[in-house]
Structures are given as structure tokens and as C-alpha cells.
Amino acid sequence: MRIVALGGLGEIGRNMTVFEYGGKLLIVDCGVLFPEAHQPGVDVILPDFSYLRGRLDDIVGLVLTHGHEDHIGGVPYLLKERADIPVISAKLTLAFLKTKLQEHRINGKMVHVKEGDRRKFGPFDLEFLAVNHSIPDGLAVAIRTPAGLVLETGDFKMDQFPLDKRITDLAGFARLGEEGVDLFMPDSTNAEVPGFLAAEADLIPAIENVMRTAPRRVIVSSFASHVHRIQQIIDSAHKYNRKIAFVGRSMVRNMTTARELGYLKIPRGMLVDAKELEKMAPDKAVLICTGSQGEPMAALARMANGDHAIDLTEGDTVLLASSMVPGNETSIWRLINDLTKQGANVVHKGNAKVHVSGHASAGELVYCYNLVRPRNVLPVHGEHRHLKANAALAVRTGVDPKNVFIIEDGTTIDLKDGVAKISGSVPAGYVYVENMVAGAATEESLQDRIRLAEDGALTVLLIVNPDTGKLEEDPEFFAVGFAPTKKDLEKATGIVEKTLVSFRGDKTGQGAEKAISEGLVRWSDRALRRKPVTTVIIVES
Ligand SMILES: [Zn+2]
């Protein structure tokens with residue numbers, strides 16, 4: 001069996017692993033990664049599917065461990081390559097996926113499974129186990145082939161008192177351990193965090209405190225997939241006689257789905273629409289929206305900037321019942337400042353116990369290693385430091401260090417008779433999505449955008465006499481993002497004239513345009529310490 005992660009190793013996002021046996025392929029997860037500041041204009045980042053092209057018909061199924069974007073966000077793009085790949089997952093995950101696929105006008109071939117199910121897809125004998133996470137219906141998957149038994153946990157934690165009483169199936173992990181797990185692939189996100197996570201239910205006192213004491217409206221922001229967190233908010237609001245409204249497209253959509261499928265329970269008459277809620281006594285109102293990460297287009301950021309139908313007022317309370325996803329800290333603090341300026345009292349994980357993570361920390365992972373007792377370990381879902389910390393835990397529990405693999409996206413591992421070996425690598429670079437088009441931006445276009453942001457742009461218009469090849473008029477310079485002086489432009493004109501001379505015979509003019517533009521960038525880099533994105537246009541008089 002060959003195993004290759006096309007994403008998720010070295011980054012928190014775009015999780016995707018391909019398993020190959022007997023010429024057939026099984027994929028586990030197909031997620032997106034969210035862009036950072038150095039990737040301007042990008043919507044999301046996908047795994048590179050080029051390894052699968054030409055073999056798409058050999059794919060027997062795509063297993064989704066749970067419904068988070070970093071595990072399902074790439075599915076529409078994979079299904080654009082082959083629409084009838086069976087998508088195998090639990091009920092809520094497939095329901096969340098379905099609404100996503102509708103945006104892309106794709107139906108998808110769904111295969112419902114649940115914990116305890118054992119199903120064969122091609123040569124892969126799959127068993128699904130319940131795991132607890134920050135979204136309901138998480139599944140770990142055991143993959144059996146004649147080459148060995150693999151257990152991938154998906155994202156998980158070990159809350160022993162979850163709201164849905166569906167705990168991570170440690171008995172199942174132990175049973176697989178008895179059978180002999182040849183390769184264990186555990187979630188690494190919190191491997192650096194010592195000890196054990198608090199229970200989701202431990203947040204009740206802080207949430208209830210807000211509902212009880214807030215003098216006016218409570219505006220809660222959380223992830224639109226965190227059904228259990230939102231259930232706790234609804235329960236607390238109900239206890240203190242408040243009504244709720246959902247605000248924002250993804251929140252309304254997901255909560256409607258979750259409620260229809262029975263994952264979210266809202267007492268009769270408690271849910272009203274946002275307009276109705278506005279008319280109620282402020283101390284009876286709770287708004288539930290997205291935007292806890294400071295996303296500029298989300299409802300909460302727009303409220304913070306006074307740019308939303310819902311006006312924040314002195315005495316409103318904003319509850320950020322969510323994590324600070326690494327990389328988002330600056331925008332979250334800016335959001336908190338903006339909300340405070342509007343007069344809101346902001347309750348967040350820094351000043352109240354209103355969030356617990358969805359990923360097992362070191363103590364929980366160690367339990368898993370001791371239950372599973374794997375022969376080989378491939379830590380997944382994490383940046384390099386997380387993978388390394390997880391690997392160290394495996395070694396500490398007695399796994400032979402040479403059987404623990406800290407590898408990057410694209411590195412292939414071959415598993416045969418219980419022995420795992422690194423066997424090579426395949427392409428696994430970033431594929432950038434813009435306006436729902438994969439590959440719409442490239443590394444080069446991103447470099448240009450960063451250069452535009454840092455160094456500005458310079459456009460030069462030249463009127464040239466076709467007979468003499470010389471300038472008819474002084475060049476026109478248009479600089480954006482910086483202001484060259486008159487003296488600078490005289491120097492630039494000199495470079496233009498000198499370069500033109502050497503291109504007198506060039507009828508197309510394109511060689512001259514390129515050479516002039518390169519000459520100007522070189523000069524500007526030397527003289528002005530900037531390399532503007534330069535465009536030269538030659539017009540014959
Ligand atoms: Zn997750």
C-alpha cells in the first residue's frame with residue numbers, strides 16, 4: 001500500500017491523503033487552506049490534484065472524516081475532475097457538503113456511513129469509528145488491505161462528556177490495537193499542548209454568566225459549523241429568557257441543516273428572524289453570527305465598522321465563543337478594538353472561559369498511542385512543529401523512532417508486511433482558487449501583487465518615429481504607489497532613449513518594450529530602491 005499526503009503535512013489545512021493498493025486509489029479528505037497576508041486576492045488554496053490526473057477512474061472513493069472546510073472545502077474542485085467519485089461520510093458531513101456543492105452546481109454521489117459500519121470499496125476494507133471534535137459526526141477510518149491495517153483519526157479530541165454523548169471510540173481504537181495497527185495517522189494540531197482539554201460543557205458557567213448579566217443585547221460569534229457550541233449558547237439564552245436570531249448566510253444555512261437533521265435543538269418559539277429581534281427588548285435578544293476570526297466581509301466585522309443593518313449600541317455585549325486561529329490574531333484584536341469603540345463589552349477566550357479546542361492535546365494523544373500500540377506512525381494535520389511534537393509523543397510511548405515519519409506533503413510511504421518506508425515524492429504544491437476557479441492565480445501572479453503592494457507600478461508611454469526609431473515626444477510616465485521626482489524622470493528618459501537606439505531594426509517593438517522595461521526596473525532598483533511593476537507601451541507616430 002502506498003500512502004501520500006497531498007496536503008496537511010506542514011500546514012493547518014488542505015488535508016488530503018491518497019491510499020493506493022492493487023492499482024486502485026482511496027482518498028481521505030479533500031480540504032482547503034486559507035491564504036495568509038503574503039497571498040493577496042486568493043480565496044482558498046487547494047491540494048495539487050495532478051498526481052490523480054490520468055488515474056481518476058481508479059479512485060474507488062473519497063472518505064470525509066468530518067465537515068470542516070480544511071477537510072471538505074476542496075471536494076467541489078475534485079468532483080469537477082470526475083463527478084461520480086463516491087463521497088463516503090456521516091450524515092451531517094454530507095449535508096454540509098451538499099450545500100457547498102450546490103454553489104458549484106454539482107450533485108455528487110453520496111454514500112452514507114456511520115460509526116461501526118464496515119464497508120468495502122475496491123480493495124479497501126473500511127471501518128468507521130466515532131470521534132469527538134468541534135463539529136458533530138466526526139469519523140476515524142481504519143483501512144484494511146492485504147498490505148496492512150492503517151488507522152487515520154481525522155480531527156479528534158477525547159471530551160468524555162460531550163453534548164451528544166458520542167465519545168471517541170477508544171474501545172474501538174484498543175480493539176484495532178489488538179488486531180495490530182501497521183500505520184497510525186493521528187491529528188497533530190495540539191500535540192505541543194501538555195495535559196488534557198477541558199470539556200465543552202465546562203464553558204456553561206461563563207456563557208450563562210453573559211446571558212444573565214448582559215444589560216442589553218448579546219451578539220455571539222462562533223464558527224458556523226460548531227453545532228454543540230451554538231447549542232450551549234441557545235440553551236443558556238433559553239434559561240435567561242432570551243430569544244435568538246441567526247445572522248449571516250453560512251450561519252443561517254448550516255444551522256437550518258443541523259436543525260432539520262436533529263443535531264441542533266431549538267425550543268419552540270425561541271428562534272425569530274433578525275428584523276423581529278430588533279424590535280424586542282434589548283435584554284431579551286441574542287444574535288448568533290459568524291466572523292469571530294475578524295473576516296472583513298462577515299457580519300460581525302461590518303457591525304464593528306457601523307456598516308451593517310444591525311447597529312451596535314453602548315451596553316451591547318459581544319461574545320466571541322471561538323478560537324484564535326493561528327495567523328488571525330491581528331485581525332481578531334483589531335475586531336475587538338473596533339467593537340469596543342462602538343461601546344460593546346467584548347467577552348473572549350482571553351478574559352473568560354468561553355472556548356475549548358477541538359483537537360486532542362498531548363495527554364490525550366499519549367492515551368491513544370498506548371491503546372493502539374502502532375508499528376509505524378505518521379503524524380498528520382499540523383505545521384512542522386506540531387508533527388514533530390506528535391512524533392516525540394509516539395517515541396515516548398515506545399514506538400521505534402525509525403518507524404515514526406515526519407514528512408512533507410507529497411512524500412510517499414510504502415507499507416508492506418508491517419514495514420513502512422519512504423519511497424519517493426509526487427507534486428504537492430499550492431493551487432490557488434479565485435472566484436471559484438482553481439489555478440486562477442499562480443506563484444508568479446502573487447509575486448507581482450506583492451511587488452505592486454510594496455513597490456508600486458510604473459507605466460511608460462512612448463511615441464516613436466518608425467523611420468528614425470527615435471522618440472517623437474518626451475516619454476509619459478505614470479507612477480502608482482510612489483512619486484518619482486522630475487530629476488528621476490530625466491534619468492529614466494535617458495535610459496529609454498539609449499535602449500531605443502539598439503532596437504532600431506525591431507519592427508514588432510515588443511523586444512524594445514521588454515528591454516526598456518527591464519532597464520527601467522534595474523535603474524529604479526539602484527536609484528530609488530524599489531522595483532515597480534513596469535509596463536512600456538510603444539506607439540508609432
Ligand atoms: Zn476539524
Side-chain angles (χ1 to χ4, degrees), residues 32 34 43-44 67-70 72-73 92 95-104 134-136 207 210-211 214 216-234 236-237 242-261 263-264 266 270-280 282 285-313 316-325 328 331-332 334-336 338-339 342 344 346-349 354-355 436:
V32 293
F34 290 100
D43 300 334
V44 290
H68 279 149
E69 284 298 304
D70 55 338
I72 70 167
L92 186 70
F96 281 172
L97 177 70
K98 207 166 176 185
T99 57
K100 174 177 294 299
L101 291 181
Q102 276 162 2
E103 289 174 15
H104 292 261
S134 48
I135 184 170
I207 296 173
V210 171
M211 297 297 172
R216 285 180 48 90
R217 286 184 304 191
V218 178
I219 294 137
V220 185
S221 186
S222 181
F223 290 114
S225 56
H226 206 328
V227 179
H228 290 163
R229 185 70 46 82
I230 291 162
Q231 183 70 63
Q232 299 207 104
I233 287 153
I234 292 170
S236 306
R242 290 175 184 260
K243 293 210 189 287
I244 58 157
F246 294 119
V247 179
R249 201 164 60 108
S250 58
M251 186 61 85
V252 172
R253 190 185 65 194
N254 283 2
M255 290 309 123
T256 307
T257 304
R259 193 184 187 191
E260 279 168 7
L261 297 178
Y263 290 85
L264 185 75
I266 306 175
M270 193 189 168
L271 179 67
V272 298
D273 72 35
K275 280 203 189 84
E276 223 175 300
L277 199 78
E278 284 284 274
K279 293 183 210 136
M280 297 174 55
V286 177
L287 286 160
I288 301 173
C289 62
T290 54
S292 64
Q293 300 302 303
E295 307 92 315
M297 297 313 289
L300 191 61
R302 284 164 45 215
M303 285 179 218
N305 295 318
D307 179 29
H308 195 276
I310 292 156
D311 250 335
L312 279 181
T313 319
D316 282 342
T317 301
V318 175
L319 170 57
L320 301 181
S322 57
S323 61
M324 287 195 184
V325 172
N328 295 347
S331 22
I332 297 171
R334 186 185 307 127
L335 173 73
I336 292 174
D338 290 344
L339 292 166
Q342 300 278 347
V346 185
V347 180
H348 53 85
K349 66 173 275 199
V354 290
H355 174 71
M436 295 166 112

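Scanning for side-chain hydrogen bond (donor to acceptor under 3.5 Å, both in side chains) contacts around Lys243 gives an empty result, with sequence neighbours left out. In this structure Ser323 satisfies the side chain to side chain contact (heavy atoms under 4.5 Å, CB included) test together with Phe223, Gln293, Val325, His355, sequence neighbours excluded. For Ser221, there are no side-chain hydrogen bond (donor to acceptor under 3.5 Å, both in side chains) partners at least two apart in sequence or on another chain. Scored by the salt bridge (Lys or Arg N to Asp or Glu O under 4.0 Å) test, Arg302 finds no partners at all (sequence neighbours excluded). Residues meeting the side-chain hydrogen bond (donor to acceptor under 3.5 Å, both in side chains) test with Glu295, sequence neighbours left out: none. Applying the salt bridge (Lys or Arg N to Asp or Glu O under 4.0 Å) test to Arg217 and every residue at least two apart in sequence or in another chain returns Glu278, Asp316. Under the rule for a side chain to side chain contact (heavy atoms under 4.5 Å, CB included), the partners of Ala214 that lie at least two apart in sequence or sit in another chain are Val218, Arg242, Thr317. For the salt bridge (Lys or Arg N to Asp or Glu O under 4.0 Å) test, residues two or more places apart in sequence or in another chain that qualify with Lys100 are Glu69. Applying the side chain to side chain contact (heavy atoms under 4.5 Å, CB included) test to Ala301 and every residue at least two apart in sequence or in another chain returns Leu335. Judged as a side-chain hydrogen bond (donor to acceptor under 3.5 Å, both in side chains), and not counting sequence neighbours, the contacts of Glu103 are Arg253. Remark: Asp70 pairs with no residue by the salt bridge (Lys or Arg N to Asp or Glu O under 4.0 Å) rule, at least two apart or across chains. Applying the ring pair (Phe, Tyr, Trp, His ring centres under 6.0 Å) test to His68 and every residue at least two apart in sequence or in another chain returns His66, His133.
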Practice task
Before giving the answer on side-chain contact (heavy atoms from CB on, under 4.5 Å), spell out for Leu300 and Leu339 the whole-Å C-alpha distance, their side-chain angles and the decisive distance to 0.1 Å.
Solution key: CA-CA 9 Å; Leu300 191 61; Leu339 292 166; 4.1 Å; yes

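The minimum heavy-atom distance linking Val247 with Leu287 is given by the pair CG2-CD2, 3.4 Å. Between Ala344 and Val318 the shortest heavy-atom distance is CB-CG2, 3.9 Å. Closest approach of Ala224 to Asn254, counting heavy atoms only: O-ND2, 3.0 Å. When all heavy atoms of Cys289 and Ile219 are compared, the pair lying nearest together is SG-CG2, 4.0 Å. Listed here is the closest heavy atom pair of Ala321 and Ile233: CB-CD1, 4.1 Å. Heavy-atom minimum distance, Gly291 versus Ala298: CA-CB, 3.4 Å.
Taking OG1 of Thr256 as the reference point, atom CE of Met251 lies at 11.0 Å (rounded to 0.5 Å). Between the CE atom of Met270 and the CD1 atom of Ile244 there is a distance of 5.0 Å, given to the nearest 0.5 Å. Of the inter-residue distances, the one linking Gln231 atom CD with Leu264 atom CG reads 5.0 Å to the nearest 0.5 angstrom. The distance from atom CZ of Arg259 to atom CD1 of Ile230, rounded to the nearest 0.5 Å, is 13.5 Å. The distance from the CZ atom of Phe96 to the CD1 atom of Ile135 is 5.0 Å, given to the nearest 0.5 Å. Expressed to the nearest 0.5 Å, how far NZ of Lys349 lies from CE of Met324 amounts to 7.0 Å.
Counting heavy atoms from C-beta outward, Val354 and Leu320 have side chains that stay 4.5 Å or more apart. Side-chain contact between Ile207 and Val220: absent, with no pair of heavy atoms (C-beta onward) separated by less than 4.5 Å. Considering only heavy atoms from C-beta on, Leu271 stays 4.5 Å or farther from Ile234 through its side chain.
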